[in-house]
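Here's the structure we're looking at; comments come further down.
In this chain, numbering begins with 1 at the start of the sequence shown.
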Amino acid sequence: QVQLVEAGGGLVQAGGSLRLSCAASGSISRSNVMGWYRQVPGNQRELVATITSAGSTNYADSVKGRFTISRGNAKNTVYLQMNSLKPEDTGAYYCHLGNIYALGQKSDYWGQGTQVTVSS
């Protein structure tokens with residue numbers, strides 16, 4: 001069992017910055033992927049950025065060059081630095097953990113979400 005707790009959302013003006021954090025607790029596999037997804041009402045939840053336990057990152061095209069995902073000193077903590085925010089970045093941001101086990105078995109966990117609102 002895993003719990004993910006997000007923090008750092010808020011209201012910012014376009015061009016501003018926010019830093020989201022996600023703290024995972026519980027049974028976390030040594031091999032895992034953590035990431036951020038966002039969702040706007042009426043839309044499907046979409047990938048923003050992911051980072052593997054090996055440090056490989058992946059970003060949505062819409063955030064490349066503006067957002068940076070990273071792991072904290074505690075490997076079960078992940079951050080999303082969001083710069084040059086745009087109104088279209090507005091949404092509920094959800095932290096995700098995918099445990100990866102031997103033989104390719106996986107398990108997925110989601111946080112409650114933190115709201116990011118970017119005013120124009």
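Here the CG atom belonging to Leu20 is positioned 9.0 Å from the CD atom belonging to Gln81, to the nearest 0.5 angstrom. Here CD of Glu46 is found 9.5 Å from CD of Gln39. Values are rounded to the nearest 0.5 Å. Summarising the geometry, atom CD1 belonging to Ile69 is positioned 9.5 Å from atom CG belonging to Asn58; distances are rounded to the nearest 0.5 Å. We find the CH2-OG1 distance between Trp36 and Thr50 to be 13.0 Å, quoted to the nearest 0.5 Å. We find the OG-OH distance between Ser27 and Tyr109 to be 6.5 Å, quoted to the nearest 0.5 Å.
Linking Ile, Leu, Val, Met, Phe, Trp and Tyr whenever their side-chain heavy atoms come within less than 4.5 Å puts Val116 and Phe67 in one cluster. At a threshold of 4.5 Å between side-chain heavy atoms, the hydrophobic network of Ile, Leu, Val, Met, Phe, Trp and Tyr places Val33 and Tyr79 in two separate groups. Clustering ILVMFWY residues whenever any of their side-chain heavy atoms sit less than 4.5 angstrom apart, transitively, puts Ile51 in the very cluster that holds Leu4. Connection of Met34 to Ile28 is established within a shared hydrophobic cluster, with ILVMFWY side chains joined at heavy-atom distances below 4.5 Å, either directly or through further cluster members.
Side chain of Gln112 to backbone of Glu6: no donor-acceptor contact under 3.5 angstrom is found. No donor-acceptor pair closer than 3.5 Å links the side chain of Asn32 to the backbone N or O of Asn76. Between the Ser29 side chain and the Asn99 main chain, no donor and acceptor come within less than 3.5 Å of each other.
Note on ring orientation: taking the six-membered ring where Trp is involved, the planes of Trp110 and Tyr37 are perpendicular (angle over 60°, cut-offs 30° and 60°).
For Ser31 against Ser53, the heavy-atom pair with the smallest separation is CA-OG, 3.4 Å. For the pair Tyr101 and Ser107, the tightest heavy-atom approach, listed with the atom from each and the gap, is OH-OG, 3.3 Å. The two residues Leu18 and Leu85 come nearest to each other via the heavy atoms N-CD1, 3.8 Å. For the pair Tyr59 and Ala49, the tightest heavy-atom approach, listed with the atom from each and the gap, is CD2-CB, 3.5 Å. Residues Thr52 and Arg71 come closest through the heavy atom pair O-NE, 3.1 Å. Nearest heavy atom pair, residue Asp89 against residue Ser84, reads OD2-O, 4.4 Å.
Contact check for Arg38 versus Val63: side-chain heavy atoms found under the 4.5 Å cut-off. A 4.5 Å side-chain heavy-atom check between Thr90 and Val40 finds every atom pair outside the cut-off. The shortest distance between side-chain heavy atoms of Val118 and Lys86 does not fall below 4.5 Å.
Summarising the local packing, CD of Gln3 is surrounded by 12 or fewer heavy atoms from other residues, nucleotides or ligands at distances under 6.0 Å.
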